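In what follows, a structure is listed as structure tokens, so that the remarks can point back to it.
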Amino acid sequence: MTTAFRLPKGGRIDRTKPIVVRFNGREVPAFQGDTAASALLANGIHFVGRSFKYHRPRGIMSHGSEEPNALLDVDRGGNRREPNNRATVVEAFDGLALKSQNHWPSLTFDVGEINDRLGAIFVAGFYYKTFMWPPKFWTSVYEPIIRRAAGLGQAPTAPDPDRYAQRHAHAEVLVVGAGPAGIAAALVASEDPNKRVILCDEQAEPGGALLHDVTSEIDGVPTSAWVKAAIETLDARENVTILPRTTAFGYFNHNHVALAERITDHLRVPLTGLPRERLWQVRAGRVILATGAHERPLVFADNDRPGIMLAESLRCFVNRYAVLPGRQIVIATTGASAYRAAIDLKAAGASVTVVDLRLEGDCGTELVAAVHAGVEVLTNHTVIGSHGRQRVTGLIVAKLDGNGAVGAPRVLACDCAGMSGGWTPAVHLFSQSRGKLRFDSGLDAFVPGASVQAETSAGSCRGVYDLAATIADGAKAAGGSRAVAASPTYTSFQPARIMPAPPGQKPVKAFVDFQNDVTAKDIKLAVAEGFTSIEHVKRYTTTGMATDQGKTSNMNALGLLAGQLATEIPAVGTTTFRLPYTPVTFGTFAGPNRGDLFDPARVTPIHDWAVANGAKFEDVGLWKRAWYFPARDETMHQAVARETKAVRTSAGIFDASTLGKIEVTGADAAEFMNRIYTNAWTKLEVGRCRYGLMLKEDGYVFDDGVAARLSPTLFHVTTTTGGAPRVLAHMEDFLQTEWPDLKVFLTSITEQWAVIAVQGRRAREMIAPLIEDIALDDAAFPHMAVRTGHIAGVPCRLFRVSFTGELGFEINVPADYGQAVWEAVYESGRRFDVTPYGTEAMHVLRAEKGYIIVGQETDGTVTPDDLGLSGLVGKAKRDFVGKRSLVRPDVVATGRKQLVGLRTGDLSLILDEGAQIVADPNQTVPMKMIGHVTSSYMSANIGRSIALALVVDGRRRMNERLHVTTPNGFAQATVVEPVFLDPEGVRLHA
Amino acid sequence: MLENRSIMRREGILDQVAMPAEPSSVALRTLPPEARFVLRLGAGDATRNGSIAGLSLALPINRFGADASRLATRLGPDEWLLIGPDADAETMHADAARALAGTHHALVDISHRNVGMELSGRAAAVILNAGCPLDLGDRQFPPGSATRTLLGKAEVVLFRLADVPDRLGVAVPHYRIECWRSFARYVHGYLAGAAAEYAAVRN
Amino acid sequence: MRFSLLSLVRNAFSNHQNWGRQWRQPEPKKTYDAIIVGAGGHGLATAFYLASEHGLTNIAVIEKGWLGGGNTGRNTTIIRSNYLYDESAALYDHALKLWEGLSQALNYNVMYSARGVLMLAHNHHDVMSFKRHIYANRLNGVDNEWLSREQVKDFCPPLNISPDIRYPVVGGALQRRGGVARHDAVAWGYARAADALGVDIIQNCEVTGFKRDASGAIAGVETTRGPIATKKVGVVAAGHTSVVMARAGLRMPLESFPLQALVSEPVKPVFPCVVMSNTIHAYISQSDKGELVIGAGTDQYVSYSQQGGLHVTTHTLDAICELVPEFRRMRMLRNWGGIVDVTPDRSPILSKTPIAGLYVNCGWGTGGFKATPGSGHAFAHTIAHDTPHAVNAPFTLDRFRTGRLIDEAAAAAVAH
Amino acid sequence: MLLIECPHCGPRAEIEFRCGGEAHIARPADPSALDDNAWAEFLFYRSSPKGVHAERWNHAHGCQRWFNALRDTMSDRILATYPAGAARPNITTIEAAR
Ligand SMILES: Cc1cc2nc3c(=O)[nH]c(=O)nc-3n(C[C@H](O)[C@H](O)[C@H](O)COP(=O)(O)OP(=O)(O)OC[C@H]3O[C@@H](n4cnc5c(N)ncnc54)[C@H](O)[C@@H]3O)c2cc1C
Ligand SMILES: NC(=O)c1ccc[n+]([C@@H]2O[C@H](COP(=O)([O-])OP(=O)(O)OC[C@H]3O[C@@H](n4cnc5c(N)ncnc54)[C@H](O)[C@@H]3O)[C@@H](O)[C@H]2O)c1
Ligand SMILES: Cc1cc2nc3c(=O)[nH]c(=O)nc-3n(C[C@H](O)[C@H](O)[C@H](O)COP(=O)(O)O)c2cc1C
Ligand SMILES: [Zn+2]
């Protein structure tokens with residue numbers, strides 16, 4: 001296979017680096033610097049895919065990111081495969097594998113083509129009108145067929161080997177687009193070395209439209225030389241960052257702009273360490289948008305055949321890639337810019353005919369230049385169709401008479417065609433910035449109107465098309481000026497919504513949105529059916545909803561709709577421009593936030609010991625907590641039974657470091673505690689602890705914990721593990737905004753202290769040898785007291801508290817000593833067979849005692865009284881957070897759920913936590929539920945299962961027999977007090 | 001309230017973390033145990049007190065002052081973070097407590113709550129910016145700046161220390177990062193991950 | 001014209017010249033028996049049921065923009081009814097039953113697809129909460145079942161159930177009758193059916209104020225197209241409820257936040273069901289057109305901009321890539337926002353108001369699409385009879401005074 | 001993502017902040033004196049306006065101070081930030097629109 005359509009010289013490809021890419025398995029020789037599209041075209045391949053709905057053969061239409069048709073499956077090797085890549089932006093490298101999509105069995109022979117024949121039925125919105133009968137068929141027959149037919153390529157199925165990175169950046173000026181306007185803006189903006197300037201462009205190299213403009217000159221030098229000099233200047237400035245292959249895809253509030261940088265996709269073997277893509281979040285002082293303009297296709301019958309391309313794209317392939325897209329080319333146009341393409345193609349050796357809708361008298365110097373160059377020009381001509389199936393073979397054109405009536409058709413044979421319906425400024429980012437668009441009827445386009453953010457548009461994205469003017473405009477946007485002399489730009493044009501066609505022409509498909517197969521007729525139908533808002537037309541026909549988001553099609557759709565409604569385009573308005581400007585990989589958004597970095601895994605100072613001792617862990621918020629410590633092949637149940645027994649018979653040791661801890665300091669500390677907690681704190685003596693309950697203002701239990709008074713002005717408060725951050729935030733909020741007069745400071749000390757709970761009747765004996773400066777006997781150090789001193793030579797705050805109902809201590813030591821002290825205590829406890837236990841055993845132990853866990857017994861709808869804890873509500877206190885809500889009518893009403901214990905009839909049955917409770921299991925559905933199980937365990941100590949539950953009026957139901965759901969029915973359970981063991985609390989004082 | 005110091009060696013949470021092979025454009029290292037205190041004090045009281053434990057509190061918010069071994073950072077209108085050598089803990093505490101006696105304040109030992117790291121090198125700022133939304137420009141965040149902020153999903157206190165010479169003797173930015181102990185492995189991993197790219201190519 | 005395959009084929013022969021308008025574009029009349037403010041799914045459904053079940057046909061739906069352009073046109077279309085509380089289960093299951101025959105009832109294919117909604121459990125708390133839901137649902141006659149980790153994988157093969165990820169999947173709750181529907185078609189189908197019964201749907205007309213009679217009762221509305229007299233007004237303005245109600249002098253227990261969603265490029269079927277993970281904040285399904293439809297979170301502040309922050313989207317895609325790592329190479333095609341009105345207990349309000357003749361249906365927050373038929377049905381009853389239907393009786397405004405909240409969020413922190 | 005001017009730290013990215021909802025809803029000095037309606041108003045009723053909104057922000061991952069901001073909920077423009085407890089600055093919607 002030869003690259004028959006590669007020109008012998010010219011272009012920006014690197015002829016010293018020949019490469020081979022594959023297309024549907026076939027070898028396609030190319031050069032470094034090619035895109036997939038230019039490589040294919042160099043080999044004469046236009047037909048590269050099938051359309052979405054009708055499976056029509058499709059070729060390459062454009063040369064940039066607006067491409068609607070040429071979507072390929074791209075495999076870069078090593079599981080780097082994904083669908084729907086625009087061939088026009090995929091940079092070629094040796095070994096790159098391309099495949100066409102959406103056909104079966106093959107590209108050239110596709111069964112789906114039948115849809116094209118049935119096109120008369122598959123009009124816009126057809127599926128809303130059918131597939132309803134018989135109803136059952138929808139799920140079993142219709143929908144599966146619809147689903148299979150839909151979608152373009154195949155989603156990736158292999159794990160992604162690539163890494164993605166992110167960066168926040170700040171710039172005084174962000175310039176988007178490195179065409180002449182953007183370059184000029186960056187040059188001016190960066191003159192001040194204190195201004196950080198970022199210049200990004202989605203293309204592989206800066207230059208924009210100038211990359212394929214080989215005929216124009218700026219200040220007497222070729223455009224390429226101008227670009228090169230300008231980029232060298234910018235490169236030399238330390239305050240400038242140039243980002244090629246970087247698309248600005250989202251413009252958010254407060255000048256926050258998101259860029260997607262593609263770092264390795266163009267490399268055959270990415271360097272190790274390099275991320276594939278990077279998300280840049282730029283916060284810019286000013287944003288200059290210099291994003292250029294998109295050429296509009298023409299709407300005429302069968303305008304979608306492979307080989308029919310945008311005129312400017314033909315020019316690009318010839319000049320930038322040295323590829324002749326065809327030898328016999330017809331260019332249909334309604335404006336002047338296409339003549340540049342015609343002249344350049346002619347110069348490259350093609351035979352070229354221009355078919356211009358305009359009258360000869362409306363044409364300017366472009367006509368003279370083209371004729372002079374040997375281009376045949378037919379003015380006052382329309383194009384009404386095309387021939388060819390898998391490749392265009394001719395355009396059907398006709399002359400218009402003086403009244404605009406269409407004359408006799410004639411076929412101009414060709415192997416490639418161009419079309420140009422004028423230009424549409426790329427106002428996407430401007431619109432995303434919430435700027436208002438203004439319709440410019442001279443340009444027949446929307447251009448940026450008033451800005452809402454610190455933003456300026458420059459160059460052809462605001463309708464300035466003349467080369468010298470774009471440069472001046474870019475400079476002006478950056479607050480300077482730059483007057484250059486440049487070759488003239490052909491800019492005049494005459495808008496046409498749809499090319500004039502003979503009346504009574506058979507129903508035809510004249511495509512507006514190529515990818516979604518939306519035709520001019522679909523838009524007409526939508527209007528006839530009452531879908532007159534552009535937003536309705538969009539959604540009914542799906543125009544503009546494909547992967548190109550209508551970059552080339554939206555203006556034609558608008559124009560057609562305006563025509564149908566006999567109104568003007570501004571009255572129709574546009575659809576909303578949304579991010580991303582072009583599709584962006586999920587990986588770019590997710591960045592490094594995966595695996596270990598998906599969310600911080602917080603670990604305690606004793607974590608490594610637990611790992612070394614075989615602990616299984618559970619997630620509690622961000623924390624990893626030791627769940628249980630299986631010995632050899634113990635199941636969880638066996639381990640928990642052993643651990644809980646050990647605590648009740650001798651001693652256990654537990655890592656409680658994750659408990660939230662807050663130091664409340666200041667003269668008003670007690671008053672503050674009074675206001676935050678339901679219970680009273682003023683009278684708590686120094687050296688004593690108290691259990692406290694905290695509500696939100698709505699009266700529901702929010703958190704709980706033990707707080708100790710270390711001095712008249714200092715409380716050491718503990719919170720639940722999960723609640724720590726929100727409790728501190730809650731306290732700070734009240735302190736700063738409601739009670740700024742209180743003399744209190746709050747400091748999180750959660751992580752300052754490792755907490756080792758030693759529980760069981762041997763607890764005191766275990767720690768005694770390690771402590772010299774604290775008297776541990778019951779009288780000197782009673783239950784619910786706190787002391788400071790040393791353990792194993794380490795300073796500690798020693799709490800005598802218990803969440804197990806056993807004699808217990810919680811040893812707080814500075815975190816870096818946590819593991820060493822743990823080991824010392826553990827060593828000291830060996831003689832009592834001290835057993836490390838995890839959170840599961842802790843849960844069982846506390847449930848045996850009926851102690852609640854916030855988040856388990858409570859769910860944000862539970863009051864202190866519901867828990868049987870109304871004793872903790874300081875009735876005498878004038879106020880505390882949540883107090884007023886406790887007397888709302890529904891909160892004081894009877895029929896609330898109250899905490900009780902449950903005993904199952906079957907001693908070994910462990911009820912499901914979350915199981916629902918009914919009084920009568922024989923009711924009909926819907927049944928009346930009167931409660932649910934909040935905690936449920938096998939208690940090895942009691943020798944039976946136990947459960948806690950919230951039951952309607954539960955405290956009045958003692959000994960009542962209720963029925964609890966099980967996976968396959970109901971189990972009987974009896975309501976009991978929620979304390980299963982040692983109700984007198986004797987063990988606490990062992 | 002400060003408890004007396006122990007004779008035991010402090011075990012840092014990053015003690016076991018393997019250092020990445022040191023690339024030339026960036027160096028990431030963990031810091032030894034240090035003494036740290038949160039000081040809360042009304043702005044007026046701070047002005048009146050001038051300097052405490054040898055450290056001046058008269059700092060703009062989000063700036064720090066340092067002498068050879070100690071450092072005081074003002075993190076908010078009434079909040080300072082004091083850092084010094086582990087061995088100075090008791091004297092720092094005692095000095096401060098003495099100076100503040102009778103004034104409404106909080107002086108809380110958080111030596112073990114935080115973990116410190118340092119990052120230096122030409123690429124240090126962009127590595128931090130991989131997860132930190134701050135503007136780290138030389139004018140916006142010059143040496144002497146310090147603030148609480150975010151790195152990925154963790155909260156950190158970020159200090160811009162004085163520039164240091166790199167291997168080639170060129171002055172490069174130097175940062176200190178403090179985070180809570182349990183986040184340290186995440187923060188370290190995040191930075192090491194972001195630095196990988198610079199280790200690979202950009203030196 | 002009735003829609004059917006036959007009518008489609010017949011029209012194909014006449015080149016589709018003969019399809020009529022799916023709804024008229026009437027000029028507002030001077031007086032209506034009732035006015036619905038807001039032509040979203042809920043408002044249109046309300047009008048449809050007022051006309052079809054309560055015989056009120058001299059009514060209008062007034063819409064400030066284009067019908068279906070509010071949250072109805074921008075949601076991730078998740079439909080399920082496995083709510084915890086009896087009140088919620090009754091309301092949402094009422095809707096689900098209507099979904100099941102909606103295409104036929106409206107003669108409009110709304111593509112209700114009962115492909116199953118699978119909610120993932122990642123920790124002990126999730127398991128307990130899901131079991132609580134599952135048992136409550138069973139006793140309420142709502143389907144919902146527990147799936148083990150392996151069953152989760154069988155039901156949705158693309159999911160990563162490896163135990164080594166940060167928040168491994170430990171199981172899931174599956175409602176098989178749950179699924180998705182074609183959101184636009186829901187609005188269009190109700191609009192067409194209501195229009196056919198004589199309801200005037202007046203687009204591009206904003207309600208700017210209310211008229212009251214001497215007793216203080218509703219006497220009409222002011223609009224951008226002039227005043228209209230009526231004695232009953234139902235406000236169904238979703239994200240704009242606070243704004244509309246303020247025009248009647250009422251403050252509401254609501255805040256409006258931007259909520260985002262996004263779609264990927266379309267691909268062949270890869271994702272068979274709806275998956276929700278509240279723990280890591282991911283909601284995903286694949287539309288019949290092939291895009292992955294992904295729900296993100298709300299911004300933290302009140303805004304009417306229909307645009308949210310980038311960090312909200314990145315957070316969601318973190319989670320999606322964690323659940324299905326292969327999707328890292330998928331690409332986002334479009335990202336948008338809607339404005340959701342959120343109540344303190346995350347349950348809706350379908351209620352009379354302190355003003356006679358003024359009714360409000362709001363507070364659906366991030367999850368009201370699924371309720372569309374049931375909400376319209378019950379609200380129509382409320383307006384027609386000036387007294388709530390049994391299913392919406394608990395969803396009063398008064399509950400915020402009494403404390404009788406229906407706090408699904410507090411119970412489970414489940415959205416959508 | 002908003003860029004919020006913390007009164008203490010200057011402009012910072014929104015992710016460093018936590019929004020505390022509507023400002024100037026003072027906690028009653030004596031909640032028990034309120035009837036159920038008034039208490040519900042305090043707890044749950046919010047203005048959620050389309051236009052200038054006074055709201056509470058906390059620089060949670062910065063100086064951790066609470067302050068108030070006036071923000072236009074249509075444009076998201078922040079018109080002013082001011083200390084918690086201070087009176088709402090007198091900025092009208094008309095000015096906001098400019
Ligand atoms: C991104 C996103 C994802 C969601 N995902 C789900 C999901 O998966 N499942 C689910 O069940 N729910 C979901 N929801 C919620 C769901 O979309 C809404 O609850 C539901 O669509 C609300 O319908 P509605 O008819 O009440 O409101 P809308 O469709 O918003 O209709 C209200 C209408 O009132 C109009 N209006 C407002 N003010 C006036 C006025 N003054 N005069 C006249 N007209 C006015 C508006 O223009 C609008 O058309 C999601 C929402 C969003 C934004
Ligand atoms: N003859 C005509 O009618 C006509 C019409 C339009 C343009 N032009 C010519 O085109 C040139 C226009 O110059 P210009 O600088 O305004 O535009 P340009 O097209 O030269 O440059 C725009 C650049 O922005 C990039 N870009 C667009 N959107 C982007 C995004 N979101 N993120 C990153 N990069 C993005 C593009 O890749 C391109 O490189 C001039 O030479 C002008 O004469 C001529
Ligand atoms: C379920 C669903 C699927 C969608 N699929 C697409 C799609 O395939 N292509 C597209 O461009 N937009 C799609 N959208 C988004 C709409 O284009 C649009 O963004 C959304 O309705 C919000 O409207 P707005 O962007 O005009 O404000 C989809 C929206 C929803 C709710
Ligand atoms: Zn601050």
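Chain A is the first sequence line, chain B the second, and so forth, proteins listed ahead of strands; every chain is numbered from 1. Owing to the predicted nature of the structure, the values given are computational and were not obtained by experimental measurement.
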Student check: side-chain heavy atoms of [X] and [Y] closer than 4.5 Å:
| X | Y | answer |
| --- | --- | --- |
| Glu322(C) | Arg594(A) | yes |
| Phe122(A) | Leu8(C) | no |
| Tyr142(A) | Asn109(C) | no |
| Arg434(A) | Ser305(C) | yes |
| Leu279(A) | Thr314(C) | yes |
| Gln306(C) | Arg578(A) | yes |
| Glu143(A) | Arg115(C) | yes |
| Arg329(C) | Arg81(A) | no |

Least distance between heavy atoms, [X] atom then [Y] atom:
| X | Y | result |
| --- | --- | --- |
| Arg147(A) | Pro272(C) | NH1-O, 4.0 Å |
| Asn140(C) | Val925(A) | C-CG1, 3.6 Å |
| Arg328(C) | Thr585(A) | O-CB, 3.5 Å |
| Ala258(A) | Leu310(C) | CB-CD2, 3.8 Å |
| Asn253(A) | Gln307(C) | N-OE1, 3.9 Å |
| Trp138(A) | Ser113(C) | NE1-CA, 4.2 Å |

**Prompt:** Can you tell me how far the CG atom of Leu333(C) sits from the CE atom of Met545(A), to the nearest 0.5 Å?
**Reply:**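 These two atoms lie 8.5 Å from each other.
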
**Asked** What is the distance from atom CZ of Phe3(C) to atom CH2 of Trp133(A), rounded to the nearest 0.5 Å?
**Response**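 Here the rounded value is 14.0 Å.
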
**Request:** Count the heavy atoms belonging to other residues, nucleotides or ligands that lie under 6.0 Å from CG of Asp398(C), then report whether that count exceeds 12.
**Result:**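 It does: Asp398(C) CG has more than 12 such atoms within range.
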
**Prompt:** Does the side-chain contact (heavy atoms from CB on, under 4.5 Å) test come out yes or no for Val584(A) and Arg331(C), once each step is laid out?
**Reply:** CA-CA 5 Å; Val584(A) 176; Arg331(C) 281 182 291 249; 5.8 Å; no

**Prompt:** Does a side-chain N-to-carboxylate-O contact under 4.0 Å join Arg132(C) and Asp859(A)?
**Reply:**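 Looking at Asp859(A) together with Arg132(C), the answer is yes, because their closest N to O distance falls below 4.0 Å.
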
**Asked** In terms of side-chain geometry, is the basic nitrogen of Asp619(A) or Arg166(C) positioned less than 4.0 Å from the acidic oxygen of its partner?
**Response**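 Looking at Arg166(C) together with Asp619(A), the answer is yes, because their closest N to O distance falls below 4.0 Å.
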
**Prompt:** Given Asn102(A) and Lys268(C), is the side-chain contact (heavy atoms from CB on, under 4.5 Å) satisfied, shown in steps?
**Reply:** CA-CA 9 Å; Asn102(A) 204 34; Lys268(C) 297 285 176 208; 3.0 Å; yes

Heavy-atom cut-off 4.5 Å, strictly under: side chain, backbone, both or neither for [X] against chain C?
| X | answer |
| --- | --- |
| Pro600(A) | backbone |
| Asn85(A) | both |
| Lys521(A) | side chain |
| Val892(A) | neither |
| Ala601(A) | both |
| Ala546(A) | backbone |
| Tyr581(A) | neither |
| Thr576(A) | both |
| Asn79(A) | backbone |
| Leu525(A) | side chain |
| Pro144(A) | neither |

Looking only at the side chains, is there a donor atom on one of [X] and [Y] sitting less than 3.5 Å from an acceptor on the other?
| X | Y | value |
| --- | --- | --- |
| Gln281(A) | His311(C) | no |
| Ser533(A) | Gln203(C) | no |
| Glu265(C) | Thr547(A) | no |
| Arg182(C) | Tyr128(A) | yes |

Checking heavy atoms, do the side chain of [X], its backbone, both or neither come under 4.5 Å from chain A?
| X | value |
| --- | --- |
| Asn107(C) | both |
| Arg24(C) | neither |
| Ile134(C) | neither |
| Gln286(C) | both |
| Asp184(C) | side chain |

**Prompt:** Is there a side-chain contact (heavy atoms from CB on, under 4.5 Å) between Arg888(A) and Thr402(C) once you walk through the steps?
**Reply:** CA-CA 6 Å; Arg888(A) 288 182 295 166; Thr402(C) 63; over 6 Å; no

**Asked** Taking only residues two or more places apart in sequence, or in another chain, which ones meet Phe252(A) in a ring pair (Phe, Tyr, Trp, His ring centres under 6.0 Å)?
**Response** His256(A)

**Message:** Please tell me whether Phe531(A) and Trp23(C) form a close aromatic pair, meaning their ring centres lie under 6.0 Å apart.
**Reply:**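 Yes; Trp23(C) has its ring centre under 6.0 Å from that of Phe531(A).
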
**Item:** Chi angles and distances behind the side-chain contact (heavy atoms from CB on, under 4.5 Å) call for Tyr112(C), Thr139(A)
**Value:** CA-CA 9 Å; Tyr112(C) 166 61; Thr139(A) 355; over 6 Å; no

**Partner of Tyr540(A) under ring pair (Phe, Tyr, Trp, His ring centres under 6.0 Å), chosen from Trp188(C), Trp19(C), Trp66(C)** =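 Answer to the ring pair (Phe, Tyr, Trp, His ring centres under 6.0 Å) test with Tyr540(A) among Trp188(C), Trp19(C), Trp66(C): Trp188(C).
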
**Message:** Check whether His16(C) reaches the backbone of Ala124(A) with its side chain - one donor and one acceptor, N or O, closer than 3.5 Å.
**Reply:**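 Such a contact is absent between His16(C) side chain and Ala124(A) backbone.
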
